[in-house]
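Only heavy atoms go into these numbers, but all of them, side chains included; no hydrogens, no water, no symmetry mates. Residue numbering restarts at 1 for every chain, and letters A, B, ... go by the order of the sequence lines.
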Amino acid sequence: MKKTMALCSTLSSFADPSAAPRDIFWWNSAIMACFRNGDVEKAHKMFDEMPHRNLVSWNCMVTGYVQNRRILDAQRVFDSMPKRNVVSWTALMTGYLRVGRVEDARNLFERIPERNVVCWNSLISGYVNNGRIGDARKLFDEMPKRNSSSWSSMISAYIREKHLDEAVRLFNQSPFRSTSLYNALLSSYVELGCIKEAEDLFSKMETRDAISFNSMLTCYSRAGKMELAKQLFDEMPVKDVVSWTAIVRGYLQNGNVAQAFALFDEMPIRDLMSWNTMMSGFIQNGMLDEACNLFDEMPERDIVSWNTILQGYISKNDILSARRWFESMPKRSETSWNALISGCQSEDALALFCEMVRAGFKPNQGTFVAVLSVCASLVSIVCGIMVHVRVLRTGYEHDTCVMCSLITMYSQCGLVDDSVRVFDRMLKRDTIAWNAMISAYAYHGLATEVLRLYESMIQSGFHPDHVTFLNLLLACSHKGLIDEGCRCFQSMQEEWGIVPKAEHYSCVVDLLGRSGFIEQAYRFTQKVPEKLQKNAWETLLSACRVHGNLELGELTARRVLGGENSDGGLYVQLSNIYAAKGKWGEASNVRALMEEHGLKKEIGCSWIEVKGKVLSFVSNDHKHRDHQVDQMCRELDQISFMPE
DNA sequence: TGAAGGTGCC
């Protein structure tokens, strides 16, 4: 608040130089204002021009350069300072920490003549931001005196790392327990879906503000407990726009669009956020037309409103309309580009990425995640590496999300060693990062590595989730590690309390079926909760085909064929089982039945990257004449007949 | 009096 007022008076005296005397305060504030606007050169010029400088003026220069990531300039100013105080040291140290020069920061810290609580806090948060929570904790324990900032940075660091046990332990020891810290802990429980813990904490709070209530609203909404959410909402002493929006969002996420819209209508105050929430709720529920109507009715629109409709077209997979909408937008943001890039899973996405950069937009986390996922699905390593270079150049090399996308991209392009290199260099790892690496190994069938990495994940104190176990099961299944796989499936439920999804059941069926234990797989599938059986039966059918088990194949086919979602592939599998047994009549009957249902099997397609171009081909494909298809076939023949 | 360094939620 103070800063804002100072800035306002500074700006108004810029407009009218006679309004305020140009004393040293004026100069110092003006310099900071320039730095805050990113106008580094102007700040520098003013510093040169000012008639008198004091220690604060010099500190402003160090801070300003640090804020604009110009560390060398900050260092130069620091070195030429006539006098320094602890603020000067702290400012430069923060600069080092911001660009990841943690050891330099530590050395500087050791040299500070008179340390105060702020410079201790700066180094602690610097360690935290560089993923070195252990070092942060050591420093925290060594501190001669701690203030509320010290406690809150340490506790929120544990919260952000999802080390909630440690966060709570410290929180209980802390002499400062502000509502905002309570709220941080509360929202973290909410994010992790720990309803019981959130409820307990909420009931213990001495004072609750709108944020506390709103977090609890979100908590109940996410858990699908809309009655409890509505009850809390009705009890709230003061409802703000966020509360109204939270309850509307809750109904939307739980598919109750009518109730959401009714409440939206009742809202006493609607700002843009509520309109945008309602609109994106329509889109989440597949109601693009309704969203468009709302868009037309809105009193004013911002870039989020435009992006929401764009996202609507993309989630309908209508890339053409998305593209047209994108062209018609009065303004675009990085989010608009990201949405469009993630929408087209083809080479067009890579062209768009280049176009975005040329148009002067800075790729951000979402951009890299989207474009790397396209590189991965196109198995385009040349583009993948180009994007990786840009990641490094734009300072995203320590972004956990982007690193996960790189791990996946390298793995899907066949370079699992590069995935490992990225994973090893990560400063901060979360469950998703461990999952990405485990999945990279699983994708390459490296079951031993998968199990080893899982062990170290647990030892590092991370909680596995349903994705972790899916990968463990996949890896075990591919390597025929039946005992390990079954143990995983058991531990998932008993040790970690994770309820298996349809994919997990299918994996177990695959695990048993692949190794020829068809009857066990059949008995297992019968015990799968009925709603989740469909995929398991399909997996079983495929195992019956591989092992030529006609009897169980027929039994299984009866469970899946003719159902709502049965596709051509299933008929083909059954037909192949008959064909393998020489039962040509039955085989062609099944094919006929399939045609009767108007089904076709989609043609399988493969692709390869040659000199940076992705070429796709199907079986018996002769369209790549210009790529010397005859020579390729001769080469393949030679390889196939080579003695082993 | 005011300008410089650290922390914080839906």
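In the model, A:Thr308 has no side-chain atom that pairs as donor or acceptor with a side-chain atom of A:Ser305 under 3.5 Å. The closest side-chain donor-acceptor pair between A:Asn183 and A:Ser180, if any, does not fall under 3.5 angstrom. Under 3.5 Å, the side chains of A:Thr367 and A:Asn364 contain a donor-acceptor pair of N or O atoms.
Distance NE2 (A:His52) to P (B:dA3): 21 Å, rounded to an integer number of Å.
Ring-centre distance between A:Trp89 and A:Phe78: below the 6.0 Å cut-off. Aromatic pair A:Trp58/A:Phe47: ring centres closer than 6.0 Å. The aromatic ring centroids of A:Phe171 and A:Tyr182 lie less than 6.0 Å from each other.
In this model, the phosphate group of B:dA4 is not approached by any side-chain N or O of A:Gln67 to a distance below 4.0 Å at OP1 or OP2. Residue A:Ser125 places at least one side-chain N or O under 4.0 Å from the OP1 or OP2 atom of B:dT7.
Proximity of residues 147-160 of chain A to DNA chain B (heavy atom under 4.0 angstrom from any strand atom) is restricted to A:Asn147, A:Ser149, A:Ser152, A:Ser153, A:Ser156, A:Arg160. Within residues 187-212 of chain A, the residues having any heavy atom closer than 4.0 Å to DNA chain B are, in order of number, A:Ser187, A:Ile211.
Side chain of A:Asn85 to main chain of A:Ser88: a donor-acceptor pair is present (N/O by atom type, distance under 3.5 Å, no hydrogens or angles).
Taking the side chain of A:Val56 as heavy atoms from C-beta on, and the options B:dA4, B:dG6, B:dC10, the nearest nucleotide is B:dA4.
For A:Asp296, there are no side-chain hydrogen bond (donor to acceptor under 3.5 Å, both in side chains) partners at least two apart in sequence or on another chain.
Put simply, the side chain of A:Asn85 and the base of B:dG5 share no donor and acceptor less than 3.5 Å apart.
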